[in-house]
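Everything numeric in this text was worked out from a predicted model, so none of it was measured. Chain identifiers are assigned alphabetically (A, B, ...) following the order of the sequence lines, protein sequences preceding nucleic acid strands; residue numbering begins at 1 within each chain.
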Amino acid sequence: EAAVTQSPRNKVTVTGGNVTLSCRQTNSHNYMYWYRQDTGHGLRLIHYSYGAGNLQIGDVPDGYKATRTTQEDFFLLLELASPSQTSLYFCASSWTGSGNTLYFGEGSRLIVV
Amino acid sequence: TQTVSQSDAHVTVFEGDSVELRCNYSYGGSIYLSWYIQHHGHGLQFLLKYYSGNPVVQGVNGFEAEFSKSDSSFHLRKASVHWSDSAVYFCAVSSGGSNAKLTFGKGTKLSVKS
């Protein structure tokens with residue numbers, strides 16, 4: 001079974017701070033995703049990637065950067081964190097894009113004060 | 001643009017009851033539909049999906065879903081729920097393209113009372 005590991009699991013930062021959320025998957029999946037989950041909005045796609053060095057823009061990309069350094073590792077970068085980015089962030093991976101079954105990590109809760 | 005709607009934010013049933021969680025979508029072309037479950041404090045886990053063929057698909061733990069093109073729906077059902085089925089359920093849709101992304105509904109929280 002695919003394993004997706006996120007770190008940190010919990011993070012508190014100040015407005016304007018710099019945050020990096022990390023995700024590693026160990027099943028050699030091609031696709032990796034970053035979602036945010038907020039009450040009343042469900043899951044919204046921030047960025048995704050279909051391989052090392054590739055980045056695709058999701059539905060809510062403003063204020064976020066992402067980088068896929070290897071097939072295993074996908075990072076989400078908040079360079080000037082704002083309170084509106086307080087959320088629960090999920091990383092996921094899948095073998096293919098179309099008809100994909102996603103495997104999720106346990107989430108990273110970020111609070112921006 | 002693909003969209004997915006889950007009309008019920010919260011459903012409460014008793015253990016042993018049947019349940020149907022509703023999902024409607026809009027998209028004009030080939031489409032993949034899936035359901036995921038999220039237990040409190042955890043990530044989402046895949047339940048089942050449909051692309052073509054038999055419109056009734058079976059998933060894990062006794063869940064099934066039925067695709068209806070005429071109603072643009074993909075409702076999830078279970079004949080007899082257990083307290084451990086209490087969770088948030090997400091319907092998701094993706095197009096048939098090679099680089100398709102998955103769009104999730106807002107989720108339905110299922111509470112099972114004993």
Q) What part of A/Gln6 gets closer than 4.5 Å to chain B, counting heavy atoms only: side chain, backbone, both or neither? A) neither
Q. Does one hydrophobic cluster hold both A/Leu21 and A/Leu88, with members joined at side-chain heavy-atom distances below 4.5 Å?
A. no
Q. Where on B/Gln6 is there a heavy atom nearer than 4.5 Å to chain A: the side chain, the backbone, both, or neither?
A. neither
Q: With chain A as the partner chain, list the residues of residues 103-114 of chain B whose heavy atoms fall under 4.5 Å from it, by residue number, and write 'none' if nothing qualifies.
A: B/Phe104, B/Gly105, B/Lys106
Q.
Using the rule that Ile, Leu, Val, Met, Phe, Trp and Tyr join whenever any side-chain heavy atoms are under 4.5 Å apart, tell me whether A/Ile46 and A/Tyr48 fall into a single cluster.
A. no
**Q.** Flag side-chain contact, heavy atom, 4.5 Å: B/Lys101 against A/Gln56
**A.** no
Show every donor-acceptor pair shorter than 3.5 Å between a side-chain atom in residues 70-80 of chain A and any protein atom, with sequence neighbours excluded, or say none if there are none.
unit_1: A/Thr70; atom_1: OG1; unit_2: A/Glu72; atom_2: N; d: 3.2
unit_1: A/Thr70; atom_1: OG1; unit_2: A/Glu72; atom_2: OE1; d: 3.3
unit_1: A/Thr70; atom_1: OG1; unit_2: A/Asp73; atom_2: N; d: 3.0
unit_1: A/Thr70; atom_1: OG1; unit_2: A/Asp73; atom_2: OD2; d: 3.0
unit_1: A/Gln71; atom_1: NE2; unit_2: A/Ser28; atom_2: O; d: 3.2
unit_1: A/Gln71; atom_1: NE2; unit_2: A/His29; atom_2: O; d: 3.4
unit_1: A/Gln71; atom_1: NE2; unit_2: A/Asn30; atom_2: OD1; d: 3.2
unit_1: A/Asp73; atom_1: OD1; unit_2: A/Arg24; atom_2: NE; d: 2.8
unit_1: A/Asp73; atom_1: OD1; unit_2: A/Arg24; atom_2: NH2; d: 3.4
unit_1: A/Asp73; atom_1: OD2; unit_2: A/Arg24; atom_2: NH2; d: 3.0
unit_1: A/Glu79; atom_1: OE1; unit_2: A/Lys65; atom_2: NZ; d: 3.1

Q | Minimal non-hydrogen separation, B/His42 against A/Phe90, with atom names | A | O-CZ, 3.8 Å
Q: Give a yes or no on whether A/Phe104 and A/Trp34 share a hydrophobic cluster (residues Ile, Leu, Val, Met, Phe, Trp, Tyr; joining criterion: side-chain heavy atoms under 4.5 Å apart).
A: no
(Q) For a quick test of reading the model, state the closest non-hydrogen atom pair linking A/Thr101 to B/Phe46 and the distance between them. (A) CG2-CG, 3.5 Å
(Q) For A/Arg68, give me all partners under salt bridge (Lys or Arg N to Asp or Glu O under 4.0 Å), at least two apart in sequence or on another chain. (A) none
**Q.** Cluster overlap B/Val13 with B/Leu47, hydrophobic side-chain contacts below 4.5 Å
**A.** yes
Q) Is any side-chain heavy atom of B/Leu102 less than 4.5 Å from a side-chain heavy atom of A/Tyr35? A) yes
Q) Honestly curious: do B/Leu76 and B/Val4 fall in one hydrophobic cluster under the side-chain, below-4.5 Å linking rule? A) yes
**Q.** salt bridge (Lys or Arg N to Asp or Glu O under 4.0 Å) involving B/Glu20 - partner list, sequence neighbours excluded
**A.** B/Arg22
Q. Near B/His10 NE2, under 6.0 Å, is it more than 12 heavy atoms from other residues, nucleotides or ligands?
A. yes
Q | Which portion of A/Leu45 sits near chain B, non-hydrogen atoms under 4.5 angstrom | A | side chain
